[in-house]
2 protein chains.
Amino acid sequence: MVRGRGNAVTINDVARLAGVSPGTASKALNGRGQLRSETRRRVVAAAEQLGFHTNLLARSLQEGRTYTVGVLTTDSFGRFTIPIMLGAEDALAAGQMSVLLCDGRGDRIREQHYLRTLLGRRVDGLIVTGRTTDPRPSLGRDLPVPVVYALARSDDPDDLSMLHDDQQGAGLAIRHLLATGRRRIAHVTGPERHLAARDRAAGTVAALAAAGEPLILDQPLWGEWSERWGRQAATILMRSGAEFDGIFCGSDQIARGVADALREAGRRVPEEVGLVGVDNWEVMVEGCRPPLTTVDLNLTELGHAAASKLLRAIEGHPLEKGVQLLPCRLVTRHSTEMSPL
Amino acid sequence: MVRGRGNAVTINDVARLAGVSPGTASKALNGRGQLRSETRRRVVAAAEQLGFHTNLLARSLQEGRTYTVGVLTTDSFGRFTIPIMLGAEDALAAGQMSVLLCDGRGDRIREQHYLRTLLGRRVDGLIVTGRTTDPRPSLGRDLPVPVVYALARSDDPDDLSMLHDDQQGAGLAIRHLLATGRRRIAHVTGPERHLAARDRAAGTVAALAAAGEPLILDQPLWGEWSERWGRQAATILMRSGAEFDGIFCGSDQIARGVADALREAGRRVPEEVGLVGVDNWEVMVEGCRPPLTTVDLNLTELGHAAASKLLRAIEGHPLEKGVQLLPCRLVTRHSTEMSPL
DNA sequence: GTGAAAGCGCTAACAG
DNA sequence: CTGTTAGCGCTTTCAC
């Protein structure tokens, strides 16, 4: 039976066909109340016959709850958003929640507009996501629904922001390089203005200090998140005359650039230099020669965790406040096989 | 004023404060009907004072239309989904439509489940998106809302499927190689089981035939969509003893692998060999040495076009049927500078 | 066990 | 010009 919009089967149609009242039909279909099982069967049969599907809109209006969460991206979506969304979707789908997606595109006005729309649609909660760890303006207090910031840091300490732990991740990388026998480690990373770069550098410095080993060149090589910069930086390192046997890079792209430049200069990875990146970006780590050991930010888990917290908040448990850091994970590949030295 | 869920300001509150009836308040707030401007002002003021925001749920229920479209991904989302979504979002936002996102993850059951949910939520239309051009099962006829397949091909010819034109794209690449002076062109591509690979090969063969030039090795080199395969394929080509001065690769990843292998074998790009990829995937084309000329699939435009068609269908204009192919676009970079020969 | 009635928040139709 | 009424589709008392 073909039905256009506007003439969908309603629960009244089902009730009529089954010879019961709408209220009874509702109970039958939702397994509530006390009904003769024969009645229940009759209603279900009628619903099936008519191809009835509950109008969730009407139910939401009545229930005061939509089983929908809004996901608001700060900076448009990109490769960081994907794992976050996958994780969030996973957690939300388990709770039968749907996702209303809005792309703020880094535009505050647009974001406010979407916020209005989402609240107008009576979402049960909000996830705000971005792609940097740098603080961003809060959506505001006094919102009628709970909000979790995932891979985004609200500037209001009363909000809950969930982020990966860059310092801890850097520590993993450095300790792994040390464990594979490297003693003269350099750090090549992105722009100093990015908090993520500063955190990774801080983690690097701390882990080296704890081991009593030096940071080669005494400071990180700040640059861009690009392969090109990785190649440049490797050249700078080699020309500096400093000896080094390990490089921790602030991103897989940088690391891949470094790997290329080292290979072309005849320095062997991992035999002479151990190399670690950050991101576990498949196309980079697998494209790299040799395949790259890297720090995985666990973004899928982050998205999952953020959505889970939000679900709990929607169920009534108040949200924690402040910044929560989730640990990163080291993924070892060929670029850090044990040094023969 | 802080308001929790469930005690939101309604239009009745506004009406009461403004000393009018809900009906009048509705007209005032929506600029409909004939009202004294003073009344209108009073209502608006009251709404503002109370922080009133229309409950879109209630309005949708009444209007029979939700200003929401469902986006159902076939294969989980990834890098191809992003541009499609960006384009779609752009077109939809202009029509004040929101997006309910569901991730089918390549699971038919899950997809059916989401379809139910989306229809239950009374979306006004659906966009089905994937990441291959290979046919996929139709969502079915008899759906109460219009459906557009974007970067996904329904196996039902009565559905509207919108795809980029791989054959045309290949033609662009080949003619460009010819125009830059190449005459002995090879084709390295992905697995033959992928329609995209077969189409690109067909376009290649056709364009070469039209120009009366040979395909080196007489057939495409089928393989994988990976850099590794690109490197292997380049080696195979060089070892074959065949002369070649141009290579059209089925993806940017393959092309980048080819570029690396050629460079390491001392063959210069673009001086000795012109190289073209497909995808215009930034990280690949910019990471490639030299930067890669490539065929852009125009996925953002595809997403935009699909959403626009859907909007028109929602407005009542019936949807076209069948497969619509959108043209690709060539983006030239250093890898195909004019051959000196 | 089942039905009738009320109401979620909004808008459209019709009176006045 | 403004108020009243009815109804979108569903669920939930509360009678019977």
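Below, read A as the first sequence line, B as the second, and so on, with proteins coming before strands; counting in each chain starts at 1.
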Which pair of non-hydrogen atoms, one from A:I127 and one from A:A88, has the smallest distance, and what is that distance?
CD1-CB, 4.3 Å
Can you measure A:L56 atom CG to D:dG9 atom P for me and round it to whole angstrom units?
14 Å
Rounded to the Å, how far apart are A:N30 CG and D:dC10 P?
10 Å
Under the 3.5 angstrom rule, does the side chain of B:T54 hit a backbone N or O of B:L56 as a donor-acceptor pair?
no
Are any of the side-chain nitrogens in B:R141 or B:D156 under 4.0 Å away from the carboxylate oxygens of its partner?
yes
Under 4.0 Å from OP1 or OP2 of C:dG9: is there any side-chain N or O of B:T10 that close?
no
Taking 4.0 Å as the cut-off, does a side-chain nitrogen or oxygen of B:S26 come that near to OP1 or OP2 on C:dT11?
yes
Using a 6.0 Å distance limit plus a 45 degree cone around the ring axis, check whether B:R153 lies over the aromatic ring of B:Y149.
no
Please report the C-alpha distance between A:F77 and A:R131 in whole Å, then the side-chain angles of each, then the deciding distance to 0.1 Å, and finally whether the side-chain contact (heavy atoms from CB on, under 4.5 Å) criterion is met.
CA-CA 8 Å; A:F77 32 55; A:R131 57 182 182 196; over 6 Å; no
Taking B:N55 for the side chain and B:L57 for the main chain, is one N or O donor matched with an acceptor at less than 3.5 Å?
yes
Judged by atom type as modelled, is there a donor-acceptor pair below 3.5 Å linking the side chain of B:T68 to the main-chain atoms of B:V123?
no
Is the backbone of B:V323 close enough, under 3.5 Å, to the side chain of B:S161 for a donor and an acceptor to pair up by distance?
no
Shortest side-chain distance from A:A58, nucleotide among D:dG9, D:dG3, C:dG9
D:dG9
Under 4.0 Å between any heavy atoms, over every strand shown, what does A:T54 touch: base, sugar-phosphate, or nothing? Just pick one.
sugar-phosphate
What is the distance, to the nearest angstrom, from the CZ atom on A:F52 to the C1' atom on D:dT11?
11 Å
From CG of A:D13 over to C1' of D:dC8, roughly how many Å is that when rounded to an integer?
13 Å
salt_bridge(B:E111, B:R105) N-O dist < 4.0 Å
no
Cation-pi check, B:R116 onto B:Y114 ring (under 6.0 Å, within 45° of axis)
no
Report yes if a side-chain nitrogen or oxygen of A:T24 is closer than 4.0 Å to either non-bridging phosphate oxygen (OP1 or OP2) of C:dT2; otherwise report no.
no
Taking B:D159 for its side chain and B:S154 for its backbone only, find out whether a donor-acceptor pair lies under 3.5 Å.
no
Are there any protein N/O atoms within less than 3.5 Å of an N/O atom in nucleotides 14-16 of chain C, and if so, which ones and at what distance?
none

Can you measure B:R121 atom CZ to D:dC10 atom C1' for me and round it to whole angstrom units?
15 Å
Pair B:R42 + B:E48, salt bridge at N-O below 4.0 Å
no
Give every pair of a protein N or O atom and an N or O atom of nucleotides 5-7 of chain D that lie under 3.5 Å apart, one pair per line with the distance.
unit_1	atom_1	unit_2	atom_2	d
D:dG7	N2	B:Q62	OE1	3.1

A:R65 CZ to D:dC10 P, straight-line distance once rounded to whole Å:
19 Å
Atom CZ of A:R122 and atom P of D:dC10 are separated, to the nearest Å, by 21 Å
Any residue of residues 32-48 of chain B with a heavy atom less than 4.0 Å from an atom of DNA chain D
B:Q34, B:L35, B:R36, B:T39
Report the distance from atom CZ of A:R59 to atom P of D:dC8, rounded to the nearest whole Å.
18 Å
